[in-house]
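Here the structure is laid out as structure tokens; the discussion comes afterwards.
Numbering of residues begins at 1 and proceeds along the displayed sequence.
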Amino acid sequence: EFEGITCNEVEGAMYAFPTIHMPIKAIIEARKRDMTPDTMYCLDLLNETGVCVVPGIGFKQYPGTFHFRTTFLPPEEQMDSLLDKLRSFHTKFMDKYS
């Protein structure tokens, strides 16, 4: 569990589509960068950690909501490391924009 992210339980699929409860300061920063907030989140995640996820904007999300899509392709023994990177990035992101 990550504060500020919710996700339906994944059953029988290799994709997860978490919702990011984006702070208003992050939304404003994304507008300054001329991108959607979920795109900014995904690009910052990639640049800072090397973890690649896809912005939800490409999957017809509801207006005013922000998501990313991820797959569960890493070997099981690498999942803890991957989740640690994601958790660390997300905590810093939320602290920066809260």
Side-chain angles (χ1 to χ4, degrees):
E1 292 186 22
F2 295 33
E3 186 175 333
I5 291 183
T6 56
C7 188
N8 292 333
E9 188 171 329
V10 178
E11 295 181 21
M14 64 180 203
Y15 297 106
F17 202 60
T19 300
I20 310 163
H21 303 281
M22 201 69 71
I24 190 69
K25 289 180 183 178
I27 295 169
I28 292 167
E29 177 63 22
R31 288 182 185 146
K32 288 179 188 176
R33 295 193 205 175
D34 197 29
M35 63 180 73
T36 63
D38 52 341
T39 300
M40 180 180 81
Y41 184 94
C42 293
L43 288 174
D44 288 356
L45 175 64
L46 178 62
N47 289 330
E48 292 183 30
T49 67
V51 174
C52 184
V53 297
V54 180
I57 189 71
F59 299 95
K60 299 182 182 179
Q61 62 193 0
Y62 292 111
T65 65
F66 308 103
H67 305 80
F68 63 86
R69 187 179 85 165
T70 186
T71 59
F72 294 103
L73 297 176
E76 191 172 336
E77 63 272 6
Q78 293 178 9
M79 284 301 291
D80 287 340
S81 173
L82 174 68
L83 290 173
D84 288 344
K85 286 180 182 181
L86 182 56
R87 182 176 288 110
S88 176
F89 167 81
H90 180 72
T91 299
K92 290 176 194 172
F93 183 92
M94 296 302 275
D95 287 348
K96 180 177 181 177
Y97 294 111
S98 291

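Expressed to the nearest 0.5 Å, how far NE2 of His21 lies from CZ of Phe2 amounts to 13.0 Å. Between the CZ atom of Arg69 and the CD atom of Gln61 there is a distance of 13.0 Å, given to the nearest 0.5 Å. For the atom pair CZ of Arg87 and CG of Leu82, the computed distance is 10.5 Å after rounding to the nearest 0.5 Å.
With a 6.0 Å radius and a threshold of 12 heavy atoms from other residues, nucleotides or ligands, Asn47 has its CG atom above the threshold. Residue-environment remark: CD (Glu77) exceeds the threshold of 12 foreign heavy atoms within 6.0 Å. A 6.0 Å sphere centred on CG of Asp34 holds no more than 12 heavy atoms belonging to other residues, nucleotides or ligands.
In this structure the side chain of Phe93 reaches within 4.5 angstrom of the side chain of Met40, judged on heavy atoms. Within the 4.5 Å cutoff, side-chain heavy atoms of Asp44 are placed close to those of Arg33. Contact check for Ile5 versus Phe68: side-chain heavy atoms found under the 4.5 Å cut-off. Inter-residue side-chain proximity for Leu86 and Leu45 is flagged as met; some heavy-atom pair is nearer than 4.5 Å.
The backbone N or O of Asp84 lies less than 3.5 Å from no partner atom in the side chain of Ser88, so there is not a single donor-acceptor pair. Side-chain N or O atoms of His90 include one that pairs as donor or acceptor with a backbone N or O of Glu3 at under 3.5 Å.
Under the 4.5 Å side-chain heavy-atom criterion for ILVMFWY residues, a single connected hydrophobic cluster contains both Tyr97 and Ile28. Follow the hydrophobic side-chain contacts under 4.5 Å out from Val51 and you reach Met79 in the same cluster. Taken together through direct or relayed side-chain contacts under 4.5 Å among Ile, Leu, Val, Met, Phe, Trp and Tyr, Ile57 and Tyr41 form parts of separate hydrophobic clusters.
Ring-plane geometry between His67 and Phe17 is classed as parallel, the angle between the planes falling under 30 degrees on a 0 to 90 degree scale with a further cut at 60.
Among Ile20, Ile24, Thr19, the single residue meeting the side-chain contact (heavy atoms from CB on, under 4.5 Å) criterion with Met22 is Ile20.
Between Gly56 and Asp38 the shortest heavy-atom distance is N-OD2, 3.0 Å.
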